[in-house]
Amino acid sequence: MAFVDARELSAGFPPPRDDEPPSLRQDIVDELADHLHCALRRELLATPDVVAARKRVIERFGDPGQIARTLWTQAMWSKIMSQRFMLAVMGLMAVVCFALAGVAAWAVQQQRTAAAQQQQALAEVMERVARLAEAKVSSGTNAAPPAPSSIRVQLTVGSPNGAPASDHPVVLRQLGFDPGKTATEDSNEKGVADFGYCDVGRYEFTVKTPWEFTSPVTQFRLDPYVAHVATVVCPATPEVANVSITAAIPEDLKKLGVGALVRLNPGTVTQDEHTWTERAPSLRYLVVRPEGWEIVYSPHEQSVSEGSRKGDLPRRWHIIGIGTLQRAHRWLAGPQYSVQGLRLVVPATFPPGFQGRNRTRTYEQIVPKPDDKWESEPWQRGDPTARTHSLDLAFVAEPGKLNEWVIPVPEELIREAREFLKENPRPTPTDEQ
Amino acid sequence: MDSQLLWGTVETLILEVISHGPTYGYEIAQTVTSRSKGHIDLKEGSLYPALHRLEQQRLLVAFWQEVDGRRRKYYKLSAAGQRSLDQRKAEWRAFAAGVQGVLGAPSAG
């Protein structure tokens, strides 16, 4: 008596799985079928109607397929959940893999960008190296392997292709140091002052002529692995000329020893639009007298004689000569000299028995009349050129002749000098003065 | 009986029935109904999932026998099942005593 068709129970099962035990479905079907068979037999004891008995069993039992499915799911639950967990893990891993792939792609892109930038930087460096190499070739030091930086100064006379200028001291100074590093090299017979290997940095140099003129300052930057060669065109050595300097002073004043005091500025000579300057004191003063001219101390330096400290000499303005009287002097022909600021002076007078500078030519300014403040302490004096007559002359000596430079003296100065000497008579100066 | 009252005690009842000797599903249901004087009616939809659950927990051991040409699945109690049954019965008795103490003894009339 078959109560349940196995297919009816099996209808509730899900599709077969590879991981389920082979006897699971049959075991469930057999167990439930046995239960239903027992239940039917019990019902048949109460009623002979098989159909009615079966109906009552089913009503009590419920849906056999549903129960079979529940039991199957219960048996497979751990495997189902394990499978779902594995699927979830695989999905997560797939997402992670995609993310990693994305990150890897991004990293590759970044690396490509960085590599491109590095290549560009390398190309720039190579370009710089090539430029430096070209600079070395153009400077005549095409030597390989690269040599350290060096400095040479090539001196010529008159033009860039002129004769070498030898025996010219070149003073090189590295900038940025206090005190600066200074080196001096004389140019050799090829006109080259070679300073050899030098540190990279900023430099300046000047060139001196054997005849005491100095070039303008040249600044440059020494780059790595560059042999810096600077070419300087020097003025030719000037010839020597004879120069006489006189002042247009009337005879009556000449007899009283009146002379002209002027300021002589350092000479300059221009070469290739560069001005070379005489290496002389920035301000020199000349006293031009009938007997000749001489260089004197700066008026504002020696105005108080030592006699004044003894109380036997009025504290007055004195100008002290430091050389011998010159009548005709050998002068450099070519450089331009300028004369500025005119004053009239007379030999200073001293009390009898004064043992000071009586053997030195000492002068007093009479015109323009010195300011009173000039007789105060030296540091309280004003500009010593303030009380001068405006004068601006330029002289250039020519070789092969006597150059006569005459300092003109305006009539009003002569008149003031005469009035001063009339009010302050002076003895006729001796030859010693 | 209210199924909520039966909830949580089905497994204890099954273990108790099986503790008397190997038996099978239909007989377990009949025994519970008989011993409870008809107050407890184990539905098959609850009985078999509970049996399989206890089997998976190693509290029951199942085996098959052929009866009248059919395969029948028998269950017997394992050692762990016996210990679990003892513990469940002790807990139930304590719980029932507590409930009884609260509800009080049934009135005579």
Would you check if the side chain of T47(A) reaches a backbone N or O of L44(A) as a donor-acceptor pair within less than 3.5 Å? no
Does any heavy atom of chain A fall under 4.5 Å from the side chain of I28(B), the backbone, both, or neither of them? neither
Donor on one side chain, acceptor on other, Q83(A) and R17(A), under 3.5 Å: yes
Proximal component of D63(A), with respect to chain B [non-hydrogen, under 4.5 Å]: neither
So, the part of R70(B) with a heavy atom under 4.5 Å from chain A: the answer is side chain
Distance-only polar pair, side chains of E31(A) and H52(B), donor-acceptor under 3.5 Å: yes
Q30(B) portion near chain A, given a 4.5 angstrom heavy-atom threshold: side chain
Pick from V67(B), D68(B), D41(B): which one has the most heavy-atom pairs with chain A under 4.5 Å? D41(B)
I'd like to know if the side chain of S84(B) reaches the main chain of A80(B), judged simply by a donor and an acceptor atom lying under 3.5 Å from each other, with no hydrogens or angles considered. no
Chain B heavy atoms under 4.5 Å from Q66(A): which part of the residue, side chain, backbone, both or neither? neither
Is it true that a side-chain atom of T206(A) and a backbone atom of V217(A) form a donor plus acceptor pair closer than 3.5 Å? no
Among the options G69(B), A62(B), A29(B), P49(B), pick out the one with the most heavy-atom pairs lying under 4.5 Å from chain A. P49(B)
So, E124(A) and R131(A), do they make that salt bridge, N to O below 4.0 Å? no
